[in-house]
**Q** 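Quick one: the structure is below, and I'll ask about it shortly.
Residue numbers start from 1 in every chain, and the chains themselves are labelled A, B, ... in the order their sequence lines are given, proteins ahead of strands.
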Number of protein chains: 2
Amino acid sequence: MKPDDRRQAIMDVLMEAGTASVEELSFRFGVSKMTVHRDLDDLEQAGLLRKVHGGASIQSSPQFESDFRYREKIATSEKRRLGEYAATLVEPGQSVIIDDSSTAGAIAGFLKDIRPLTVITNNLGVITDLSGVPGMNLIALGGHYSKRFNGFFGVVTEEALRSLRADVAFLSSSAVEGTAAFHQDQEVVQIKRQMVKSANRKYLLVDHGKFGRSALHFLMGLEAFDAVLTGSEVSDGHARELGDAGVGLLRIDNQKIMEKA
Amino acid sequence: MKPDDRRQAIMDVLMEAGTASVEELSFRFGVSKMTVHRDLDDLEQAGLLRKVHGGASIQSSPQFESDFRYREKIATSEKRRLGEYAATLVEPGQSVIIDDSSTAGAIAGFLKDIRPLTVITNNLGVITDLSGVPGMNLIALGGHYSKRFNGFFGVVTEEALRSLRADVAFLSSSAVEGTAAFHQDQEVVQIKRQMVKSANRKYLLVDHGKFGRSALHFLMGLEAFDAVLTGSEVSDGHARELGDAGVGLLRIDNQKIMEKA
DNA sequence: TTGAAATATCACATATAGATGTTATCTTTT
DNA sequence: AAAAGATAACATCTATATGTGATATTTCAA
């Protein structure tokens, strides 16, 4: 295991647990405490965690939470799982919309083998990821770049979307309360709404942590989506609530779908 | 000097001279012939050159020439020079269009200090380069991605451009013959033309090697540009030809402008 | 507040992977 | 076949990563 891999792994541990001791990390990765200290210093330098006496804890200010570098890491395993499953909903030859979220972005990696394929996105991560994949028709949505979301937004984006039509769209939102999705940014909301309009089938991908939270702007009701994909970790209460409202919910297990409500 | 730097440097030499001997490279970089061999093997593996007995020569099939990985490397110093000068034509607060070319792309690095600034581009290299620069309002033009040009093209791109207006545009073309610019790709031509329409001042940046060559599609007459920027290496004959036709030509020296025709 | 225990840091020693050079041997060119 | 060049195998060198033990700092309880 190389240093960089170990550091990534440390972040993964932190993302899960929120906090970890030097002792524990040292044992877990089979390296000295000194090495763990050096890793933590490095990661702290990069602004990814905060060292505390005895270990480290994850940065978690509100400002930090909405930073995409943070968001792209949290719940990585759940996101990968959702992404992997979502990719099975796509057939070769289709066109797919992917929004600016890191959750939807996780699909990109799994789409590389489904060719030919058209991918439409305003997500810079996805663009970088898929540019140069042979057999991949990559359509970028322009717009002004937002560092916070690592994507493109605005009238230009919206107009470009209006002239396009896709088979499937994969979106995410930062919060799900009751049977509606919410997002903290008006501009992002605009684009997501247009994406839904421009696609035949629509799926909302949200990790279980998003349930029961709210955000400033109403995005849309969940009934707008063909299905909501989330991790099996989601509480039965939330699952039932959606089921009662007639919203299709797919709880994705590590191996397969758990339940089709 | 690190291995990767040396390999890059070897490519630079090759780009200039077209061919180089192992002996020569070994001496020039102060390493053994064995090391040069290893470098060349590596670069050959990456498809960037062809080994021949005694040295290496550059890959130079027509297909390869129009590959952006190749284009982004040739005449680097001249391009940097043009880019650096071009940046002086931009004032803080303005909006700037940069096209898909690597020549125009070279401006990006020099624009980072001119803030605030709006940059409009379909060049993925520039987007990657400028995303995250604070004080920079980066507007990407969408469109379908072309690996060959590492940029975005098509109706979407064109439409986005139509709704935008910039103070300055920096373009390049693959050939200049007489007093007209040419390009090998129809789709690219479309976008460049719209860029010119969407900008107040327009500059064409071309390294001296582009003069006297031609390409499939007529792009536009040079009189459409406020000035043509090129290296001082350009022949007097070509310079005179432009001057006679009333086209503004700026020959950029290593230190300053040589001549203002 | 103070001192013992826990933890962190520092400076140096060691280990390791990658890069390079050398020489001998094989291959190509003429 | 001789000369030039390429390759292979091994030795050496170097930067980076890691570990160790000494020293400093922090924590917490008395």
**Q** Indicate yes or no for a side-chain donor-acceptor contact from B:Ser32 to the backbone of B:Thr35 under 3.5 Å, with no hydrogens or angles considered.
**A**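 Checked: pair present.
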**Q** What heavy-atom pair brings A:Ser173 and A:Leu204 nearest, and what distance separates the two atoms?
**A**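 For A:Ser173 and A:Leu204, the tightest heavy-atom pair comes out as N-CD1, 4.0 Å.
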**Q** Go through the steps for A:Lys147 and B:Ser131 under the test side chain to side chain donor-acceptor pair (under 3.5 Å), then give the verdict.
**A** CA-CA 7 Å; A:Lys147 187 177 178 182; B:Ser131 72; over 6 Å; no
**Q** So, for A:Asp99 and A:Ser101, which heavy atoms are closest and what is the spacing to 0.1 Å?
**A** OD1-OG, 2.6 Å
**Q** Using a heavy-atom cut-off of under 4.0 Å over every strand shown, decide if B:Val36 touches base, sugar-phosphate, or nothing.
**A** nothing
**Q** For A:Ala86 and A:Ile107, work out which heavy atoms get closest and say how close.
**A** CB-CD1, 4.0 Å
**Q** Short question: side chain of B:Thr157, backbone of B:Gly142 - any donor-acceptor pair under 3.5 Å?
**A** yes
**Q** Using five base pairs at each end, measure the axis-to-axis angle across the helix from C:dT1-D:dA30 to C:dT30-D:dA1 and round it to 10 degrees.
**A** 30°
**Q** Mind running salt bridge (Lys or Arg N to Asp or Glu O under 4.0 Å) on B:Asp236 and B:Arg251 for me, showing each step along the way?
**A** CA-CA 10 Å; B:Asp236 290 339; B:Arg251 297 165 85 175; 2.9 Å; yes
**Q** Any salt bridge linking B:Asp253 with B:Arg81? Criterion: basic side-chain nitrogen under 4.0 Å from a carboxylate oxygen.
**A**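 The answer is no: the pair does not qualify as a salt bridge.
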**Q** Is it the case that the side chains of A:Tyr145 and B:Asn137 hold a donor-acceptor pair, with the cut-off being a distance below 3.5 Å and no angle test?
**A**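 No - no donor-acceptor pair under 3.5 Å links their side chains.
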**Q** Please report the closest heavy-atom contact between B:Ser174 and B:Gln184, naming both atoms and the distance.
**A**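 Scanning both residues completely, I find the closest heavy atoms to be OG-OE1, 2.8 Å.
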**Q** Among residues 23-31 of chain B, which residues get a heavy atom nearer than 4.0 Å to DNA chain C?
**A** B:Gly30, B:Val31
**Q** Give me, pair by pair, the N or O atoms of the protein and of nucleotides 9-14 of chain C that are less than 3.5 Å apart, along with how far apart they are.
**A**
{"residue": "C:dT9", "atom": "OP2", "partner": "A:Lys51", "partner atom": "NZ", "Å": "2.9"}

**Q** Going by salt bridge (Lys or Arg N to Asp or Glu O under 4.0 Å), name the pairs with one or both residues in residues 22-31 of chain A, residues two or more places apart or in two chains.
**A**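 Sorted pair list: A:Glu23-A:Lys33.
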**Q** Any idea how A:His183 and A:Phe149 line up, ring-wise: parallel (<30°), tilted (30 to 60°), or perpendicular (>60°)?
**A**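 A:His183 and A:Phe149: tilted rings.
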**Q** By nearest heavy atom, map B:Arg7 and A:Val52 onto DNA chain C; which one lands nearer the 5' end?
**A** A:Val52
**Q** Can you give one letter per nucleotide of nucleotides 25-30 of chain C, going 5' to 3': B for a protein heavy atom under 4.0 Å from the base, S for sugar-phosphate only, - for none?
**A** ----S-
**Q** I need the minimum non-hydrogen distance between B:Gly231 and B:Leu82, along with the two atoms involved.
**A**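 Where B:Gly231 meets B:Leu82 most closely, the heavy atoms are N-CD2, 3.9 Å.
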**Q** Is A:Asp207 paired with A:Lys210 through a side-chain N to carboxylate O contact shorter than 4.0 Å?
**A**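 A:Asp207 and A:Lys210: salt-bridged.
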**Q** Minimum heavy-atom separation for A:Val31 and A:Ser26, please, with both atom names.
**A**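 So the two residues come closest at O-OG, 2.7 Å.
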**Q** For DNA chain D, which nucleotides open and close the run of contacts to chain B, 5' to 3', at under 4.0 angstrom from a non-hydrogen atom?
**A**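 Endpoints of the contacted stretch of DNA chain D: D:dG5 to D:dA8.
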